[in-house]
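Take a look at the structure below.
Fair warning: this is a prediction, and the values are worked out from it, not measured in the lab. Sequence lines set the chain letters: A, B, ... in the order given, protein chains first and strands last, and positions in each chain run from 1.
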Amino acid sequence: MSELNVKFGDKQQAIPAPATAIDAIKVFDRDVLKKALAAKVNGEEVDLNRELDATDEVLSIEAITSDTRDGLEVLRHSTAHLLAAAVLDLFPGTKLGVGPALMEDPRYGFYYDIIAPRNLTEDDLPVIEKKMKQMAKGDLRYRREVVEKAAILDLFKGREEPLKCELIDEKVDGSATIYHIDGSPFIDFCLGPHVQHTGKLKAFKLLALSGAYWKGDAEREQMQRIYGTAFATQEELDAWVKQREEAEKRDHRKLGRELDLFSIDDDYGQGLILWHPKGGIVRMEMERLLREELEQRGYSFVFTPHIAKRKLWTISGHEENYADGMYAPTSIEDEEYRLKPMNCPFHIGIYKSSPRSYRDLPQRYSEMGTVYRAELSGTLHGLMRVRGFSVDDAHLFVRPDQVQAEVADCLDFAIKVFDTYGFDKVKFELSVRGGAENKGYLGADEDWASAEESLAQALRERNITYERIEGEAAFYGPKIDIKIEDAIGRVWQLGTIQLDFNLPERFELEYTGDDNLKHRPFMIHRALFGSIERFFGVLIEHYAGAFPLWLAPVQVTVLPITDRINDYADSVASELRKSGFRVESNTKSDKIGAKIRDAQMQKIPYMLILGDQELENGQVAVRERKQGDVGAMSLDEFKEKITAERSSRAS
RNA sequence: GCCCAAGUAGCUCAGGGGUAGAGCGCAUCCUUGGUAAGGAUGAGGUCCCGGGUUCAAAUCCCGGCUUGGGCUCCA
């Protein structure tokens with residue numbers, strides 16, 4: 001064979017053999033070579049210098065360039081190897097774990113898990129990064145080698161790499177590939193592809209050091225994980241670093257303190273939120289919106305206690321399946337009680353309080369129910385992960401024929417509410433039973449089939465595009481998860497609409513049908529926010545603390561220019577309060593610039609600047625927090641404007 | 001829970017074996033200034049907690065507590 005038939009884009013040509021991927025690409029497009037990091041041959045990702053198989057068939061070749069996702073992945077994965085090589089060089093005897101590129105996580109670009117002879121600290125990162133840069137300049141070659149399993153095992157055994165051996169043992173059947181970085185002791189068991197040499201790695205940065213377990217298993221070896229990121233150009237890396245700093249400015253913990261919204265005080269307990277007056281206002285408004293919707297959608301409002309007898313949690317199955325998440329029992333008069341981690345059993349109690357007819361269904365109970373969960377201390381995070389929180393919970397008890405309509409209404413509800421908050425990207429995921437894996441699903445097959453179909457049908461009926469995920473359903477029923485994307489593109493899993501075949505069974509729920517026989521109702525758990533605390537945190541970051549008028553703790557601040565105007569300012573403020581607005585009046589002796597700055601830092605939507613002119617004309621000079629000065633108008637005109645803005649809940 | 005780091009005034013942080021510091025905020029006074037910081041004075045601290053080393057510890061060492069970054073996108 002002296003020639004190969006190669007296809008590149010829509011062009012095809014015979015080239016002399018033997019040839020590498022790079023030789024082939026060169027024939028068609030010399031320019032693309034500058035950006036090429038790897039190649040695809042018949043869909044398989046390979047190194048650029050991979051020799052093409054001698055074959056009569058047409059080989060389809062593509063270049064993987066640095067400006068594509070695949071290219072970035074090659075770049076990051078190669079950088080992870082460079083990291084490991086540098087660590088090995090600086091800390092001989094280091095054991096290697098895995099070092100993948102991270103393409104979904106916006107915070108990082110890659111990591112490498114290691115066990116170094118001594119625990120590394122963050123002070124080591126700059127040293128390692130320096131070593132990496134030095135190695136990058138040396139244009140060290142990534143060299144691929146195909147080796148038999150036994151030989152690879154021997155190689156890594158000899159290098160005392162037990163974790164690598166374990167991986168090889170699991171993954172390899174026959175032969176496998178390893179990669180060297182020439183000029184470094186580093187060898188990795190890896191599929192590739194990689195860049196040709198370290199000189200291709202021009203923009204990378206080490207970011208963080210953390211703990212990780214081998215295979216994520218807390219029973220296995222504790223390792224250290226070094227996170228970093230890499231881009232094709234320094235400009236892209238700089239832009240990314242800058243954006244990261246922007247995200248930090250939105251941190252809800254920082255804004256929560258600056259805007260006096262909430263606090264967490266260890267004297268009261270980790271993960272327990274103290275809502276301050278200003279946070280309280282936001283919460284009241286969030287709940288007001290929900291309440292209006294709940295009323296219109298025929299929900300009823302119920303209230304239930306924070307603890308219940310232990311026996312109840314045995315019936316519900318929480319004692320058996322969820323004990324780790326629950327606080328220890330407490331007793332009174334020899335009876336044990338436990339704090340509730342969920343509201344469901346209480347709502348079931350209400351359902352069971354009288355016999356139900358098919359005519360009574362659906363029953364829709366809603367409650368802002370406060371629950372307590374024993375989260376591990378290390379997982380706590382501001383408002384996002386807490387130990388006590390309130391769920392905008394609802395439980396619907398429905399007949400099988402009502403499932404679809406009820407779920408459809410839940411979807412409408414979610415869309416309406418998230419739209420109000422300005423989340424225009426909402427994603428829906430339908431989780432159903434998986435084929436092969438048996439998770440010990442409860443409930444009859446025909447119930448599952450009908451429930452899954454009802455959920456899917458409800459989504460289709462509302463023209464919602466959704467992702468169907470096999471095998472992600474809970475053991476007790478299929479569900480729809482709702483995820484939203486915030487103002488800076490981060491995705492948050494919030495609400496869920498979940499069918500439950502388990503609890504109706506355990507609590508022996510029933511209703512009398514039109515056939516005068518007893519039937520078991522379906523139960524739907526429905527929460528939009530999941531946790532009010534967490535959603536509050538998401539909102540703070542989404543709005544960067546600048547709440548829209550309807551949510552803002554202080555909606556208007558009145559700023560008199562001199563204290564001659566203080567009386568007029570007070571009268572304007574009290575006039576607005578009469579119309580239900582939250583107004584402050586700043587009569588300190590600061591200059592107007594300072595008062596404006598204060599208001600701006602507090603992210604108050606409207607400032608009314610009042611001086612002699614306004615007093616004389618009976619007007620207010622309006623300054624909006626983003627647009628700045630919008631001119632003078634009568635108080636009535638201003639009131640009309642903000643009344644419309646408030647009632648539309650514009651975001 | 002585990003790995004790494006941090007903990008100094010209400011907040012943000014500097015300092016560092018021998019009188020505890022700054023800016024912001026707060027209070028009082030002066031100033032009454034037209035769209036992002038006017039000035040002066042003052043109050044405010046168990047330098048996280050416990051132990052050790054030392055003539056002497058906020059500082060060095062050990063332990064604890066809390067906070068922060070993380071804890072499988074598998075070669």
| query | Without hydrogens or angle criteria, can the side chains of A:Asp188 and A:Tyr112 be said to hold a donor-acceptor pair below 3.5 Å? | reply | yes
| field | Rounded distance in Å between the C1' positions of B:G39 and B:A58 | value | 35 Å
| Just how far, in rounded Å, is P of B:C73 from CG of A:Asp113? | 11 Å
| Nucleotide B:G70, atom P - distance to CG of A:Leu125 in whole Å | 14 Å
| query | Looking only at atom C1', what distance separates B:G10 and B:U53, rounded to whole Å? | reply | 35 Å
| field | Donor + acceptor pair across side chains of A:Asp47, A:Tyr179 (<3.5 Å) | value | yes
| message | Looking at A:Glu170, I want to see if its CD is surrounded by more than 12 non-hydrogen atoms of other residues, nucleotides or ligands under 6.0 Å. | response | yes
| message | Using a 4.0 Å heavy-atom cut-off, does A:Leu207 contact any base of the nucleic acid, only the sugar-phosphate backbone, or nothing at all? | response | nothing
| field | Same-atom distance (C1') from B:U67 to B:C49, integer angstrom | value | 15 Å
| Taking atom C1' of B:A5 as reference, at what distance in whole Å does atom OH of A:Tyr227 sit? | 16 Å
| field | B:C55 and B:G45, which share atom name P, separated by this distance in whole Å | value | 32 Å
| Taking a pair as Watson-Crick or G-U wobble with both distances under 3.5 Å, which nucleotide is matched to B:G23? | B:C11
| task | Considering just the side-chain nitrogens and oxygens of A:Tyr108, establish if one lies under 4.0 Å of OP1 or OP2 belonging to B:G70. | result | yes
| said: Using OP1 and OP2 only, check whether a side-chain N or O of A:Arg220 sits under 4.0 Å from B:C2. | reply: no
| Under 4.0 Å between a side-chain N or O of A:Tyr111 and OP1 or OP2 of B:G70? | no
| message | Could you tell me the Watson-Crick or G-U partner of B:U35, where both distances fall under 3.5 Å? Say none if there is no partner. | response | none
| message | What is the separation between atom CD1 on A:Ile114 and atom C1' on B:U72, rounded to the nearest whole Å? | response | 17 Å
| request: Could you give the distance separating B:C24 and B:G38 at their P atoms, to the nearest angstrom? | output: 11 Å
| said: Please tell me whether A:Glu645 and A:Tyr606 have a donor and an acceptor in their side chains that are separated by less than 3.5 angstrom. | reply: yes
| In terms of side-chain heavy atoms, does A:Asp570 have a donor or acceptor partner in A:Ser585 at a distance below 3.5 Å? | yes
| request: Would you mind building the protein contact string for nucleotides 33-49 of chain B? One character per nucleotide, 5' to 3', B for base within reach (heavy atoms under 4.0 Å), S for sugar-phosphate only, - for untouched. | output: BBBBBB-----------
| task | Test for a donor-acceptor pair under 3.5 Å between the base of B:G1 and the side chain of A:Tyr213, counting only N and O atoms. | result | yes
| said: Could you check whether A:Arg76 makes a cation-pi contact with A:Tyr111, meaning its NZ or CZ is under 6.0 Å from the centre of the six-membered ring and within 45° of the ring axis? | reply: no
| remark: When both distances are under 3.5 Å in a Watson-Crick or G-U wobble arrangement, the nucleotide paired with B:G18 is B:C55
| message | What's the closest nucleotide to the side chain of A:His381 if the choices are B:C74, B:G69, B:C3? | response | B:G69
| request: For A:Phe536, enumerate each residue passing the ring-ring contact (aromatic ring centres under 6.0 Å, His included) test, keeping only those at least two apart in sequence or located in another chain. | output: A:Trp275
| query | Considering Watson-Crick and G-U wobble pairs with both distances under 3.5 Å, what does B:A6 pair with? | reply | B:U66
| task | Establish, with yes or no, whether the OP1 or OP2 oxygen of B:U67 is under 4.0 angstrom from a side-chain nitrogen or oxygen of A:Gln270. | result | yes
| field | Separation of B:U67 C1' from A:Asp251 CG (nearest whole Å) | value | 12 Å
| said: Can you check the distance between B:A22 and B:A9, where both ends of the measurement are the C1' atom (answer in whole Å)? | reply: 11 Å
| message | Under a 3.5 Å cut-off for both contacts, is B:C74 paired Watson-Crick or G-U wobble with anything, and if yes, with which nucleotide? | response | none
| request: Would you please say whether a donor-acceptor pair under 3.5 Å links the side chains of A:Arg225 and A:Tyr227? | output: yes
| A:Lys164 NZ to B:U72 P: how many Å, rounded? | 17 Å
| task | Determine the interatomic distance between P on B:G17 and the same-named atom on B:G23; round to the nearest Å. | result | 24 Å
| query | B:G52 and B:A56: how far apart are their P atoms, nearest whole angstrom? | reply | 12 Å
| field | Rounded interatomic separation in angstrom, taking CD from A:Gln602 and C1' from B:C11 | value | 12 Å
| remark: Per nearest nucleotide of RNA chain B, the residue lying toward the 5' end, A:Thr177 or A:Gln224, is A:Gln224
| note | note: A:Leu120, atom CG; B:G69, atom P; distance rounded to Å ~ 21 Å
| task | Kindly label the base of B:U41 as syn or anti, based on whether its glycosidic torsion lies within 90° of 0. | result | anti
| task | Flag the pair A:Val620 / A:Glu614 as yes when at least one side-chain heavy-atom distance between them is below 4.5 Å, and no otherwise. | result | no
| Is there a donor in the side chain of A:Thr65 and an acceptor in the side chain of A:Asp67, or the other way round, less than 3.5 Å apart? | yes
| message | On the nucleotide B:C3, are OP1 or OP2 found under 4.0 Å from the side-chain N or O atoms that A:Arg225 carries? | response | no
